[in-house]
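Accompanying notes for the structure given below.
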Amino acid sequence: MTKNLAIGFLVILLLTSNAWQFYGRVDQGVTMSYMDNELYQLNRHNNELETVLFHFVKCMSAQEMEALLNRQFPDNTAFTKENHIHSGSLSFKLNEAGEYVEFIGYDPET
């Protein structure tokens with residue numbers, strides 16, 4: 001009798017732990033789905049802002065761009081290196097002459 005009771009108890013524990021693991025996996029899948037959707041929306045939003053920003057800064061000279069960045073973001077030191085103006089995570093590529101902004105990018109690692 002006690003042997004059957006112990007086996008029954010172990011079977012109930014096994015089924016409960018499997019159900020709990022299944023619930024955890026489903027919950028994790030739903031969470032990852034929401035995270036993927038949020039990342040998609042953030043990337044789309046970032047691309048839209050980048051396009052609008054480029055429209056406003058494409059005719060700015062390197063000096064104007066550095067002055068603007070230093071004025072708007074005083075905590076981020078704007079500097080020019082290899083025909084790019086860097087400030088924080090933003091990077092503005094200059095044309096061959098190093099005069100006007102040609103492209104906007106960002107560094108996702110910062």
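- If you chain together hydrophobic residues whose side chains sit under 4.5 Å apart, Phe92 and Phe73 fall into the same group.
- The two residues Met60 and Glu64 have their closest heavy-atom pair at CA-OE1, 3.4 Å.
- Residues Glu66 and Leu69 are not in side-chain contact: their nearest non-hydrogen atoms beyond the backbone lie 4.5 Å or more apart.
- Although no hydrogens or angles enter the test, the distance criterion places no donor-acceptor pair under 3.5 Å between the side chain of Ser87 and the main chain of Leu90.
- Counting non-hydrogen atoms of other residues, nucleotides and ligands closer than 6.0 Å to CD of Glu48 gives a total above 12.
- Relative ring orientation between His84 and His86 is described as parallel, the plane-to-plane angle staying below 30° on a 0-90° scale split at 30° and 60°.
- The shortest distance between side-chain heavy atoms of Tyr34 and Glu38 does not fall below 4.5 Å.
- There is a path of hydrophobic side-chain contacts, each under 4.5 Å, that joins Leu15 to Ile7.
- Atom CG of Asn70 and atom OG1 of Thr77 lie 7.0 Å apart (nearest 0.5 Å).
- Summarising the geometry, atom CG belonging to Asn47 is positioned 10.5 Å from atom NE2 belonging to His45; distances are rounded to the nearest 0.5 Å.
- Counted within 6.0 Å of CZ on Phe54, heavy atoms from surrounding residues, nucleotides or ligands total more than 12; the atom is thus considered enclosed.
- What you find for Leu94 and Ala62 is that their closest heavy atoms are CD1-CB, 3.9 Å.
- When atom types are taken as modelled, the side chain of Ser33 and the backbone of Gly29 share no donor-acceptor pair closer than 3.5 angstrom.
- Counting only heavy atoms from C-beta outward, the side chains of Asn46 and Leu42 never approach each other to under 4.5 Å.
- With sequence neighbours left out, Thr31 forms a side chain to side chain contact (heavy atoms under 4.5 Å, CB included) with Asp27, Met35.
- Across all their heavy atoms, Asn95 and Asn83 have their closest contact at O-ND2, 3.1 Å.
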